[in-house]
J.: 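I'd like to ask you about the structure that follows.
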Amino acid sequence: MVKEADVPSTTHTSSSKKQGKTEKPFVGNLALKCPKCKEMLVGRDWEKNLKVCSRCSYHFKLSAYERIELLTDSDSFVELDSDIISVDPLNFVVRSQAYADKLREERENVNLNEGVVTGYATIEEMPLALAVMDFRFIGGSMGSAVGEKITRAIELGIKENIPVLISSTSGGARMQEGLYSLMQMAKTSAALAKLAEARLPYFSLLTDPTTGGVTA
Ligand SMILES: [Zn+2]
């Protein structure tokens, strides 16, 4: 694989320190507005209600770590491959911003290295490999690093003889990486076919919002 590069050790250590912590943008008595019914919600009640609007039951988007925390046994999740990041194979520039700069900016804003968090954990003490996408990182789009991480999670399932769960939330392929991005679909599909051959269960969890394409 030529597309993935390791994060330089300096940036890696600083970002891995930040990672793993659940972001808490609204705490205590801070108010926020429900995008659906426009009701003002108190941050504390809203968190207690698992980020669901108490008036109209609107479900707010969850970050990858929040979803992992909800899904798996507490403290059972071990993150893998968090150092895999995308490069800019096309020197892509959009609205006078280079894709490489955009990636750097997203990594800082979202506190994630890429749009998916992968690893293994247990649910009700049953082990499984999982890949959980995060919509905040360039719309959860499927770039080469996302595809590589998902593929590795599936391969881990095959190697360890455990089920695989993929929680998708994505706007589609990451156009900034062109064909490298489209290629990821073939790669992940091939890995899933191998998983099926090994007669291991695959769970696809579709979360808000998942558009076509990457869903496959
Ligand atoms: Zn509401």
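Source: prediction; values computed, not measured. Whatever order the structure lists them in is the order used to number ligands and atoms, beginning at 1.
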J.: Quick one: side-chain hydrogen bond (donor to acceptor under 3.5 Å, both in side chains) partners of Asp101, sequence neighbours excluded?
T.: Arg104
J.: Counting distance only, does the side-chain N/O of Asp134 pair as donor-acceptor with the main-chain N or O of Ser63 below 3.5 Å?
T.: no
J.: What is the number of protein N/O/S atoms located under 2.8 Å from the Zn ion (ligand 1)?
T.: 4
J.: Is there a donor-acceptor contact under 3.5 Å from the side chain of Thr72 to the main chain of Ile68?
T.: yes
J.: What pair of heavy atoms forms the shortest contact from Met142 to Val146, and how long is it?
T.: SD-CG1, 3.8 Å
J.: Do Tyr120 and Glu79 have side-chain N/O donor and acceptor atoms under 3.5 Å apart?
T.: no
J.: Between Tyr99 and Arg174, does the side-chain hydrogen bond (donor to acceptor under 3.5 Å, both in side chains) criterion hold? Intermediate values first, please.
T.: CA-CA 11 Å; Tyr99 175 51; Arg174 195 173 294 169; 3.0 Å; yes
